[in-house]
Structure formats: structure tokens, C-alpha cells
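Just below is one structure, and these are the notes that go with it.
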Amino acid sequence: MPSVSLILTINKRTTEVSKAVADSFRLPGNAVDEAVIVLDRPTPEARKGACEAWAEASCAVKIVEIDGPPGWICPANAWNAAYEAATSDLLYQISSEVVQDAGNVDKARALCADGNTVVFGACENSEKVPLVVGAAPGFLAGQ
């Protein structure tokens, strides 16, 4: 099976959001080999929440920080830092507020087994929680 690096960037997320996302990668079928968390000029709360949320991950965690005063400028530097830090065969790239359904990583890993595939996730907004929940790999883009 190919190895998988989760990559995400965080600028201004609450502690609760970071915890919900990190917890979703503890669900069955969502194991990754490493998590690359890029702190993109984060607020102090976002930095603290992200570090606490990923502290007990069952995979290797790399925290990369984009220096500068808090405030989002553009995502390019943060995503480039994530791509540079990731070491796995596959990248599982998500927005930092997307809570995963159980089995998502295994589904994506299987869909990408040929190494020439991009999988786009589908997600639904929850009315009960101010997060994006119910994400599931499902759309296959060509080789």
C-alpha cells in the first residue's frame, strides 16, 4: 500500500475545529503515515489549538510555520511548504476545517493505487456544527 501524507494549512481556526479535524483522522480507515500541519501566520489561538489537537496523533506530525505577524495573505507559500515537507507516496490535502468520515483515507488510497490519479472530495455542511463534515473521496479525475 502506498504511504499517505495528510497536508493542511491553518491560519485562523478555533481549538474546537482543529480538535474535530484531528479526531476524525483517528477513526477506522483514516490512518495516515504523517500529518504535515502548516501554520500560516496563525493567530496565537490557532497555533495553540492546532499543536494541542495533533499532539496525540498516531502518526508522525510535522509542524511547519510561515513566519510573520498573524494575518492571512495567500495560500501559495503555505501549500508549497506542505508539499516540500511531505515525504509519502500520496498527498491527502484538505482544508483545515473538513472533518473526515470513517474510511476516507483507505478509500482515497485505493482509488489512487495506480499512482496516476487525483481524487476530489465531496462534502456536506452540517447545520449542527460550524464545520464541514461528511467528506468522502468520490470523484476520480483522469490519468
Exercise for the section: Consider only side-chain heavy atoms of I, L, V, M, F, W and Y, link residues closer than 4.5 Å, and tell whether I94 and V38 are in one cluster. Expected result: no
Problem - Under 3.5 Å donor-acceptor, R47 side chain and L39 backbone - result: no
Problem - Approximate separation, where rounding is to 0.5 Å, of I7 CD1 and E84 CD - result: 12.0 Å
Practice task
With rounding to the nearest 0.5 Å, note down the distance linking CD1 in I66 to CG in N77.
Solution key: 6.0 Å
Problem - Hydrophobic cluster membership, V61 vs V64, 4.5 Å side-chain cutoff - result: no
Exercise for the section: Rounded to the nearest 0.5 Å, what's the gap from OG on S96 to NZ on K12? Could you check? Expected result: 12.5 Å
Practice task
Answer whether the closest heavy-atom distance between the side chains of L8 and I37 falls below 4.5 Å.
Solution key: yes
Handout entry: D67 side chain vs R41 backbone, donor-acceptor pair below 3.5 Å
Key = no
Problem - D40 and T9 side chains, donor-acceptor separation under 3.5 Å - result: no
Problem - More than 12 heavy atoms of other groups within 6.0 Å of K62 NZ - result: yes
Problem - Common cluster, W79/I10, ILVMFWY with side-chain heavy-atom separation under 4.5 Å - result: no
Exercise for the section: Find out whether E34 and V36 are in side-chain contact, i.e. whether some heavy atom of one side chain is under 4.5 Å from a heavy atom of the other. Expected result: yes
Exercise for the section: Verify whether one side chain among R13 and S18 offers a donor that lies under 3.5 Å from an acceptor in the other. Expected result: no
Handout entry: Aromatic ring pairing F25/Y92, orientation class (parallel under 30°, perpendicular over 60°, tilted between)
Key = perpendicular
Handout entry: Any donor-acceptor N or O pair under 3.5 Å, side chains E45, T43
Key = no
Handout entry: Gap between atom CD of Q100 and atom CG of N30 - 0.5 Å precision
Key = 6.0 Å
Practice task
Could you tell me whether a side-chain N or O of S5 sits under 3.5 Å from a main-chain N or O of A86, the two making a donor and an acceptor?
Solution key: no
Problem - Approximate separation, where rounding is to 0.5 Å, of Y83 OH and L91 CG - result: 7.5 Å
Handout entry: Any donor-acceptor N or O pair under 3.5 Å, side chains E52, T15
Key = no
Exercise for the section: For residues P42 and N11, determine if any side-chain heavy atom of one lies less than 4.5 Å from a side-chain heavy atom of the other. Expected result: no
Completion exercise
When D33, V32, L6 are each screened for side-chain contact (heavy atoms from CB on, under 4.5 Å) with C59, the one that passes is V32
Practice task
Using a 4.5 Å cut-off on heavy atoms from C-beta on, say whether the side chain of D89 contacts that of V4.
Solution key: no
